[in-house]
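In the text below, chain A, chain B and the rest are named by the order of the sequence lines, each starting its count at 1. These figures come from a predicted structure and were not determined experimentally.
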Amino acid sequence: MSNKAALDESVHWADIHADKIIRERGPKPEYTCASGITPSGTIHIGNFREIISVELVVRALRDRGETVRFIYSWDNYDVFRKVPKNVPNAERFAEYLRWPIISVPDPWETESSYARANEVALESTMPELGVFPTYIYQADQYRASVYAQGIRTALVHRDTIRAILNEHRTEPLPDAWWPISVFSTFTSKDTTTVLDWDGEWGVRYRCNESGNEETLDLRSTGAVKLLWRIDWPMRWKHEGVDFEPAGKEHHSAGGSFDTAKQIVRQVYGQEPPVTFKYDFISIKGRGGKISSSSGDVVSVRDVLEIYQPELVRHLFAGTRPNAEFAISFDLDVIKLYEDYDRCERIYFGTEEVGEKRRLKESRIYQLSQVAEVPASQPLQIPFRHFCNLLQISAGNIDQAIDSFPGTEGISDAERARLRTRGACAWNWINRYAPEDFRFVLKEGGEPPIELDPAEAAAVRALTAEMRDRLADHDEKSLAQAIYDIAAAQGIEAKQLFLVMYRILVGKDQGPRLAGFLLTLGRERVLRILRAYE
RNA sequence: GGGCCGUUAGCUCAGCUGGUAGAGCGACAGACUCUUAAUCUGUUGGUCGGAGGUUCGAUCCCUCCACGGCUCACCA
């Protein structure tokens with residue numbers, strides 16, 4: 001599947017777009033794929049769709065032998081417009097309104113700025129997901145006057161740009177409109193009025209609060225910034241962007257992508273990048289869109305605590321970008337882990353499916369890998385079973401792994417992956433699993449529960465079975481033995497199950513008993529049952 | 001008002017460049033004298049939103065319409 005023919009046949013959206021980029025942009029020694037966002041709030045899983053979409057296309061291009069530059073632009077020179085709800089001491093932060101977010105202190109007091117805090121939260125999770133963009137910080141770029149020429153070009157074509165923007169506006173932009181904003185060197189705020197431009201590098205403005213006026217040189221100042229709708233096409237030109245997707249809010253006629261396309265052509269003399277539109281992601285059970293300003297968001301880290309990295313990639317690789325989907329933390333988690341495991345078995349041929357399905361699933365599996373595809377099928381511990389093993393081991397992940405048959409000889413890498421899955425399973429059990437899924441194993445020192453004579457005899461018989469003949473049993477035969485014991489004592493099997501669960505976990509139900517007893521093992525079962533012998 | 005997307009079995013959705021439809025779940029039946037949306041087997045199930053058009057042939061292309069949703073028109 002890694003050969004070229006298979007890639008050409010692939011109908012995966014990442015491959016289709018990779019082919020489209022090569023076709024439309026022509027052969028290039030290096031393709032630039034861009035992504036970016038404003039770190040003006042917690043970066044949530046919806047924002048992540050931007051990065052992962054680019055990542056998957058980048059992967060597809062590289063699979064074709066292309067060299068790719070993957071850039072991620074943080075617009076940390078954006079304006080601090082409102083104080084998010086999740087910020088401590090919110091009232092204290094009101095004074096920073098209209099400052100560039102890179103100049104707003106970190107409310108959590110660990111990073112150099114509010115913007116940086118949001119950036120770090122995301123950047124720190126990307127390596128786990130196998131995503132390694134080159135980060136570009138807009139504030140650094142502007143402050144170093146890297147975009148001076150791009151700004152000047154926008155000023156030269158000011159009328160063209162205004163006309164383009166006016167095509168879709170209700171109110172036309174005024175004559176005094178300029179494609180730039182200025183951060184006052186007196187107050188740090190963007191509450192300024194551009195007064196004039198000298199036709200070269202000089203921009204004169206007035207600080208609305210202090211009343212001061214000043215002329216800045218674009219080649220040396222960092223205070224002048226392009227407005228968003230112009231900043232975007234300017235950067236396409238500056239970075240030579242070949243591909244950049246965008247959220248659906250940008251892709252309507254008159255939206256920012258639409259006007260950026262015209263501006264990059266008419267002002268910067270370059271063709272707009274290949275693109276596609278991606279839809280929003282919602283959170284199942286919470287309803288509605290994710291709002292980063294409300295503070296109640298699901299971050300990438302939150303998702304990684306329940307879904308191992310391959311699952312996260314699988315979620316996005318397996319869904320068309322223009323389809324909305326809801327991420328969920330309920331019982332769906334089990335199904336999604338099962339889906340991933342099936343996808344893996346299909347890739348390795350241990351589960352038979354039709355050829356079309358196999359090709360599709362195989363490609364999704366490849367794209368879901370954080371690094372290289374494993375050489376052989378890794379050992380799978382089903383998520384649900386893992387949850388049971390972990391509860392038996394009271395959360396000891398290695399112990400849970402060791403109790404699973406076949407884990408003796410696994411490689412370090414394989415064990416590492418299982419550990420990650422185990423951590424997710426344990427988090428899920430403790431935070432999201434329905435009560436029915438949870439249990440705490442008894443130790444054996446508790447006072448015995450009351451049993452009638454028949455129940456007591458059945459429990460004794462089962463204890464003896466575990467002590468003397470466990471080695472003879474597999475799950476099926478042990479299950480049969482349980483029935484036989486119940487029948488011999490004249491009680492319903494159901495009653496014996498109930499009693500056993502009460503003894504073992506103090507609840508009326510639990511994992512399927514025969515398998516459960518086998519997993520617990522002779523020693524452990526006998527310890528819990530010793531008061532009933 | 002502009003633009004985009006969707007409308008396929010009860011539900012959630014697949015259906016590459018056109019050759020009269022598939023999966024999972026559900027429902028129903030049976031099996032397992034046990035259970036973690038239990039598992040297994042089988043059955044059921046669709047005028048592919050509507051009307052035209054192109055074609056030997058359209059779920060798939062074109063036009064129009066209906067319904068649903070999103071988005072832009074302020075900022076980013």
Does OP1 or OP2 of B:A76 have a side-chain N or O of A:Ser40 closer than 4.0 Å?
-> no
State whether A:Asp332 and A:Lys335 are salt-bridged, where the test is any N-O pair (Lys NZ or Arg NE/NH1/NH2 against Asp/Glu carboxylate O) under 4.0 Å.
-> no
Spacing of A:Asn166 atom CG relative to B:G2 atom C1', expressed in whole Å | 16 Å
Rounded to whole angstroms, how far apart are NE2 on A:His168 and P on B:U71?
-> 18 Å
Identify which nucleotide among B:A76, B:C74, B:C70 has an atom closest to any side-chain atom of A:Phe280, counting heavy atoms from C-beta outward.
-> B:C70
Answer with base, sugar-phosphate or nothing: what part of the nucleic acid does A:Ile16 contact at a heavy-atom distance below 4.0 Å?
-> nothing
Picking from A:Leu226, A:Leu227, A:Val267, what satisfies side chain to side chain contact (heavy atoms under 4.5 Å, CB included) with A:Ile161?
-> A:Val267
For residues A:Phe439 and A:Tyr501, establish whether the separation of their ring centroids is below 6.0 Å.
-> no
From B:G2, B:A76, B:A73, pick the nucleotide closest to the side chain of A:Trp228?
-> B:A76
Hey, does A:Asp78 reach any base, or is it just sugar-phosphate, or nothing, if we go heavy atoms under 4.0 Å?
-> sugar-phosphate
Regarding the side chain of A:Phe497, the nearest nucleotide among B:G3, B:A37, B:U35 is B:U35
Side-chain ion pair, A:Glu123 and A:Arg116, N-O less than 4.0 Å | yes
Give the rounded distance in Å between these two atoms: CG of A:Asp231 and P of B:C75.
-> 14 Å
Would you say A:Thr275 and A:Glu244 make side-chain contact, with heavy atoms under 4.5 Å?
-> no
The side chain of A:Thr170 lies closest to which of these nucleotides: B:A73, B:U35, B:A76?
-> B:A73
Taking atom P of B:C75 as reference, at what distance in whole Å does atom NZ of A:Lys225 sit?
-> 13 Å
At under 4.0 Å between heavy atoms, what does A:Ala479 touch on the DNA or RNA strands: base, sugar-phosphate, or nothing?
-> base
When you measure from the centre of the six-membered ring of A:Trp178, is the NZ or CZ of A:Arg158 under 6.0 Å away and within 45° of the axis?
-> yes
Round to the nearest Å and state the distance from A:Glu361 atom CD to B:A14 atom P.
-> 14 Å
For B:A14, does OP1 or OP2 lie under 4.0 Å from any side-chain N or O of A:Arg320?
-> yes
Would you classify A:Gly247 as touching base, sugar-phosphate or nothing, given that sugar-phosphate means primed atoms plus P, OP1 and OP2, and contacts are heavy atoms under 4.0 Å?
-> nothing
5' precedence on RNA chain B between A:Gly255 and A:Leu498 (nearest-nucleotide basis) | A:Leu498
Which nucleotide, B:A37, B:U35, B:C75, lies nearest any side-chain atom of A:Leu513?
-> B:U35
Hey, does the side chain of A:Arg229 come within less than 4.0 Å of B:A73's phosphate (OP1/OP2), counting only N and O?
-> yes
P-based separation of B:G3 from B:A73 [nearest Å] = 16 Å
A:Arg384 side chain near B:A37 phosphate (N/O to OP1/OP2, under 4.0 Å) = yes
Between A:Asp279 (CG) and B:C5 (P), how many Å, whole number?
-> 12 Å
Near-ring test A:Phe348/A:Tyr365, centroid separation under 6.0 angstrom | yes
Using a 4.0 Å heavy-atom cut-off across all strands, classify A:His251 as base, sugar-phosphate, or nothing.
-> nothing
Could you give the CZ-to-C1' distance, from A:Phe257 to B:C72, as a whole number of Å?
-> 15 Å
Per atom distances to the A:Arg169 side chain, the nearest of B:C74, B:G24, B:U71 is B:C74
When the ring centroid of A:Phe325 is compared with that of A:Phe316, is the distance short of 6.0 Å?
-> yes
Output field dot_bracket for RNA chain B (Watson-Crick or G-U, both distances under 3.5 Å, | for other-strand pairs) contains (((((((..((((........)))).(((((.......))))).....(((((.......))))))))))))....
Verify the ring-centre separation between A:Tyr432 and A:Phe329: is it less than 6.0 angstrom?
-> yes
When the distance from NZ of A:Lys189 to P of B:C75 is rounded to whole Å, what number comes out?
-> 21 Å
